[in-house]
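One structure is given here, and the rest of the page talks about it.
Because the structure is predicted, anything quoted here is derived from the model rather than measured.
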Amino acid sequence: MAPQKLKVNMLGVESGKELAGIPVGDESAEDRVLALLGGGAAEDAYQGWGSTFFHDSLDFVSATASPAGRTVFRLTVLPSHCNRLGNLHGGCTATVFDICTSTALAPIAKPGYWQYAGVSRGLSVTYLKPVPVGEKVLVDSEVVSAGKRMCVLRGTMRRESDGEVLALCEHGKVSIDPPVSKI
């Protein structure tokens, strides 16, 4: 099923902007995440901040819907991701968490319930250890709580080789889904 498109007209969203929703039919959790990241047809794909980074640098590993939405991505830290000390830049880490944690909503989305993945209301990152260039990390994201209008997501960045926790994230979002008509 192709992603449902919606023209939105609300505060904080470009006037008349058309958004592609997460497919909410019989798709697998994996297909839903890939659709969210791909945004549908190539000409419709998101081209803003971080778009090439996520298509070129993150590898999708897995997604599940039960017991709660969860996704895992792999990232190899490249020099372009690093600060002047040769470690993963804090802003890059926050961007990785922003996108990866948002994808955890895709497996649980349904019409009127996180189908458009919402907008951030808060993103808190705790940096525990430096992540040097060349390091392979896994970003595990999960839905902690998802209500009708707000959710809390959690992200954990671990060194792939030994599972050492390198950074943690708590991400709060607000839904932008329009009401579903009741027939």
Side-chain angles (χ1 to χ4, degrees), residues 1-6 8 10 12-13 19-40 46 48-51 53-55 57-75 90-128 137-160 163-180:
M1 174 187 251
Q4 178 182 350
K5 297 203 177 176
L6 169 73
V8 295
M10 63 179 73
V13 180
L19 299 177
I22 298 164
V24 290
D26 294 333
E27 295 80 10
S28 68
E30 291 86 359
D31 288 342
R32 288 175 173 216
V33 170
L34 294 172
L36 175 61
L37 290 175
Y46 172 69
W49 168 247
S51 61
F53 175 81
F54 293 101
H55 293 289
S57 299
L58 275 179
D59 295 320
F60 175 67
V61 175
S62 66
T64 58
S66 183
R70 181 171 181 232
T71 59
V72 180
F73 288 86
R74 179 180 294 108
L75 170 70
C92 187
T93 304
T95 300
V96 168
F97 275 135
D98 185 7
I99 298 298
C100 289
T101 55
S102 294
T103 66
L105 290 165
I108 65 165
K110 52 189 170 188
Y113 184 77
W114 299 102
Q115 188 175 4
Y116 293 89
V119 295
S120 298
R121 63 182 172 89
L123 181 73
S124 175
V125 179
T126 303
Y127 306 93
L128 301 171
V137 299
L138 294 174
V139 181
D140 188 343
S141 302
E142 64 181 324
V143 177
V144 175
S145 174
K148 184 176 179 181
R149 300 303 301 164
M150 293 193 284
C151 74
V152 176
L153 311 166
R154 179 177 26 230
T156 304
M157 183 178 286
R158 299 178 190 276
R159 187 180 302 121
E160 186 174 30
E164 177 85 22
V165 176
L166 307 170
L168 299 167
C169 164
E170 183 175 288
H171 188 184
K173 298 196 84 165
V174 175
S175 178
I176 60 169
D177 285 29
V180 175

Point to revise | Considering all heavy atoms, the nearest Tyr113-Ala146 contact | key: OH-O, 2.8 Å
Review point. What's the spacing between Asp177 CG and Tyr116 OH if we round to 0.5 Å?
Key: 7.0 Å
Review point. Minimum heavy-atom separation for Ser175 to Trp114, with atom names?
Key: N-CH2, 3.3 Å
Practice item. State, to 0.1 Å, how close Ala117 and Lys173 come at their nearest heavy-atom pair, and which atoms those are. Key: O-NZ, 2.8 Å
Check your understanding: Asp31 versus Pro23: any side-chain heavy-atom pair under 4.5 Å?
Key -> no
Check your understanding: Listed by chain and number, what are the side-chain contact (heavy atoms from CB on, under 4.5 Å) partners of Ala106, not counting sequence neighbours?
Key -> Ile22, Arg32, Val33, Leu36
**Study point:** Approximate separation, where rounding is to 0.5 Å, of Leu37 CG and Leu58 CG
**Key:** 8.0 Å
Exercise for review: Sequence neighbours left out, what pairs pass salt bridge (charged side-chain N to carboxylate O under 4.0 Å, His left out) with at least one residue falling in residues 61-74?
Suggested key: Arg70-Asp140, Arg74-Glu160
Revision key, fill the gap. Closest heavy-atom pair, Thr101 versus Leu153, reported as atoms and distance to 0.1 Å, is O-CD1, 3.3 Å
**Study point:** side chain to side chain donor-acceptor pair (under 3.5 Å) partners for Thr103, two or more places apart
**Key:** Thr71
Revision key, fill the gap. Of all heavy-atom pairs linking Ala94 and Leu123, the shortest is O-CD2, 3.6 Å
Point to revise | Heavy-atom closest contact (Ser120 atom, Asp98 atom, distance) | key: OG-OD1, 3.4 Å
Exercise for review: List the steps and the verdict of side-chain contact (heavy atoms from CB on, under 4.5 Å) for Val96 and Met157.
Suggested key: CA-CA 10 Å; Val96 168; Met157 183 178 286; 4.1 Å; yes
Acceptor/donor pairs from residues 60-68 side chains to any protein atom, 3.5 angstrom cut, sequence neighbours excluded:
none

Review point. Could you give all pairs that pass the salt bridge (charged side-chain N to carboxylate O under 4.0 Å, His left out) test and reach residues 143-157, with sequence neighbours left out?
Key: Glu142-Arg154
Practice item. List the steps and the verdict of side-chain contact (heavy atoms from CB on, under 4.5 Å) for His171 and Phe97. Key: CA-CA 8 Å; His171 188 184; Phe97 275 135; over 6 Å; no
Check your understanding: Atom CG of Leu34 and atom OG of Ser28: how far apart are they, to the nearest 0.5 Å?
Key -> 7.5 Å
Review point. Passes side-chain contact (heavy atoms from CB on, under 4.5 Å), Val152 versus Arg121? Steps please.
Key: CA-CA 10 Å; Val152 176; Arg121 63 182 172 89; 4.0 Å; yes
Study note, to complete from the structure: Rounded to the nearest 0.5 angstrom, the CE-OG distance for Met150 and Ser145 is 9.5 Å
Check your understanding: Is any side-chain heavy atom of Val137 less than 4.5 Å from a side-chain heavy atom of Leu75?
Key -> yes
Exercise for review: Might you work through the side-chain contact (heavy atoms from CB on, under 4.5 Å) test for Thr156 and Val139, ending with a clear yes or no?
Suggested key: CA-CA 6 Å; Thr156 304; Val139 181; over 6 Å; no
Check your understanding: Who passes ring-ring contact (aromatic ring centres under 6.0 Å, His included) against Tyr127, sequence neighbours left out?
Key -> none
Practice item. Decide yes or no for Leu105 and Cys151: does some side-chain heavy atom of the first lie under 4.5 Å from some side-chain heavy atom of the second? Key: yes
